[in-house]
Amino acid sequence: MARSKDFDEQEVLAKAVEIFWRKGYKATSMQDLVDGLGISRSSLYDTYTDKHTLYVKALDMYQKDASKNVCSIVNNSGSAKAAIRRLLEYTTTDTEQKGCFLVNSEVEVAPHDKQIGTMICSSDQEIEDAFYTAIKRGQESGEISNKQDARALARFTYNTVKGIRVSAKSSTNKALFKDIIDMAIEALN
């Protein structure tokens, strides 16, 4: 008979997200995980097999949570431009200068790990699609100009998000981010 776990897997994954997010994949040791997760090394290996598997599950958890937040913003904003502005502003809420776990993973791990690269591409597409949905809705209502292709605008806007997320790792200058967001919204006119 299999032994029951003495811990909540979702809670452990949430802690793993924080550890990997702060330290990165390579700099996180198994001892860091044992200490930070509050579970034994044997439980860690029994449940997750290895550091890479835990990382994949943590990144997947983060991605699903981020996607849920993005979709909520798109679906619950009155106008298309308001949705896009809220999505852009959402990226500037990092007060600890950790950046975005997905972007950090894209830079550190994805170039060398096909599985992570595939996860990042899937996540990128999902977020780009959210921008596309908002932009297309805005074009159909006349709020956003039709002079640019909606997909191209979505890609531009999402690339702006990634730039903000990288800049947020080294800057807390709210005026800088406001200028970037205002210019991105202006590009929709």
Side-chain angles (χ1 to χ4, degrees), residues 2-76 86-131 154-155 157-172 177:
R3 192 174 150 220
S4 67
K5 291 184 175 70
D6 296 333
F7 57 89
D8 179 332
E9 279 193 63
Q10 294 303 306
E11 185 179 305
V12 167
L13 282 176
K15 289 178 183 178
V17 166
E18 287 299 317
I19 294 166
F20 285 125
W21 195 354
R22 288 183 189 287
K23 294 191 79 159
Y25 179 73
K26 290 179 185 172
T28 300
S29 69
M30 287 304 285
Q31 192 59 50
D32 292 330
L33 293 168
V34 169
D35 294 343
L37 299 178
I39 62 174
S40 69
R41 189 175 295 266
S42 63
S43 290
L44 182 64
Y45 283 116
D46 287 346
T47 305
Y48 301 105
T49 311
D50 55 24
K51 180 172 108 170
H52 184 267
T53 302
L54 176 59
Y55 186 81
V56 168
K57 288 181 183 243
L59 187 61
D60 183 60
M61 176 187 210
Y62 177 89
Q63 186 275 328
K64 286 177 180 168
D65 190 46
S67 290
K68 183 175 72 175
N69 290 338
V70 166
C71 289
S72 175
I73 290 169
V74 170
N75 295 328
N76 296 313
R86 284 188 63 209
L87 286 169
L88 289 164
E89 289 171 347
Y90 173 69
T91 66
T92 66
T93 59
D94 178 17
T95 59
E96 298 178 53
Q97 294 183 280
K98 296 184 296 186
C100 168
F101 187 30
L102 286 163
V103 173
N104 295 350
S105 298
E106 183 172 12
V107 171
E108 180 192 11
V109 184
H112 316 289
D113 187 315
K114 185 176 178 154
Q115 183 178 12
I116 298 298
T118 300
M119 288 175 72
I120 297 293
C121 286
S122 174
S123 176
D124 284 354
Q125 189 62 57
E126 194 171 338
I127 296 170
E128 178 189 308
D129 288 345
F131 278 110
R155 289 176 178 150
T157 307
Y158 185 47
N159 190 61
T160 301
V161 166
K162 286 187 174 191
I164 290 170
R165 287 176 168 171
V166 171
S167 295
K169 288 186 65 111
S170 61
S171 177
T172 58
F177 298 122

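Note that the coordinates shown come from a computational prediction; the quantities given were computed from them, not determined experimentally.
In plain terms, the two heavy atoms of M119 and D60 that are nearest each other are CE-N, 3.6 Å. Closest of all the heavy-atom pairs between A58 and V17 is O-CG2, 3.2 Å.
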Item to check | Stepwise side-chain contact (heavy atoms from CB on, under 4.5 Å) check, V161 with L87 | outcome: CA-CA 8 Å; V161 166; L87 286 169; 5.8 Å; no

Next on the checklist: side-chain contact (heavy atoms from CB on, under 4.5 Å) for I120 and V109? Distances and angles first, verdict last.
Outcome noted: CA-CA 10 Å; I120 297 293; V109 184; over 6 Å; no

Checklist entry - Does the side-chain contact (heavy atoms from CB on, under 4.5 Å) test come out yes or no for V103 and K169, once each step is laid out? => result CA-CA 11 Å; V103 173; K169 288 186 65 111; over 6 Å; no

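Taking CD of E108 as the start and CZ of F101 as the end, the distance is 9.0 Å to the nearest 0.5 Å. Put simply, CD on Q115 and NE2 on H52 are 5.0 Å apart, with the number rounded to the nearest 0.5 Å. In this structure, I73 CD1 and Y90 OH are separated by 6.0 Å, a value rounded to the nearest 0.5 Å. Between atom CG of residue D129 and atom CG of residue D124 there is a gap of 10.5 Å, rounded to the nearest 0.5 Å. Summarising the geometry, atom CG belonging to D8 is positioned 11.0 Å from atom CD1 belonging to I39; distances are rounded to the nearest 0.5 Å.
Remark: side-chain polar atoms of S167 are paired, donor with acceptor, to backbone N or O of G163 under 3.5 angstrom. Formation of a donor-acceptor pair under 3.5 Å by the S122 side chain with backbone atoms of T118 is not found in this model.
Residues satisfying the ring-ring contact (aromatic ring centres under 6.0 Å, His included) test with Y158, not counting sequence neighbours, are none. Evaluation of the side chain to side chain donor-acceptor pair (under 3.5 Å) rule for T53 yields D50 as partners, not counting sequence neighbours. For L33, the side-chain contact (heavy atoms from CB on, under 4.5 Å) partners two or more places apart in sequence, or in a different chain, are I19, F20, T28, M30, L37, L44, K51, L54. Not counting sequence neighbours, D113 has no partner by the salt bridge (Lys or Arg N to Asp or Glu O under 4.0 Å) test. Under the side chain to side chain donor-acceptor pair (under 3.5 Å) criterion, N76 pairs with S72, sequence neighbours left out. Under the rule for a salt bridge (Lys or Arg N to Asp or Glu O under 4.0 Å), the partners of K68 that lie at least two apart in sequence or sit in another chain are D65. Listed by chain and residue number, nothing satisfies the ring-ring contact (aromatic ring centres under 6.0 Å, His included) test with F131 (two or more places apart in sequence, or in another chain). With sequence neighbours left out, the side-chain contact (heavy atoms from CB on, under 4.5 Å) criterion links N159 to no other residue. With sequence neighbours excluded, the residues forming a side-chain contact (heavy atoms from CB on, under 4.5 Å) with Q31 are S29, V34, D35, R41, listed by chain and number. When the side-chain contact (heavy atoms from CB on, under 4.5 Å) test is applied to E128, the partners found at least two apart in sequence or on another chain are Q125, R151, A154, R155. Residues passing the side chain to side chain donor-acceptor pair (under 3.5 Å) test with Q63, sequence neighbours excluded: S67, E126.
Among I164, T91, L88, the one residue that satisfies the side-chain contact (heavy atoms from CB on, under 4.5 Å) test with F177 is I164. Checking W21, Y25, Y62 one by one against Y55, the ring pair (Phe, Tyr, Trp, His ring centres under 6.0 Å) holds for a single residue, Y25.
Other residues, nucleotides and ligands contribute over 12 non-hydrogen atoms within 6.0 Å of the NZ atom of K15.
Using a cut-off of 4.0 Å between Lys/Arg side-chain N and Asp/Glu carboxylate O, E9 and K57 are scored as not salt-bridged.
Contacts classified as salt bridge (Lys or Arg N to Asp or Glu O under 4.0 Å) and involving residues 16-33 (residues at least two apart or in different chains) are given here: E18-R22, E18-K98, R22-E96, K23-D32.
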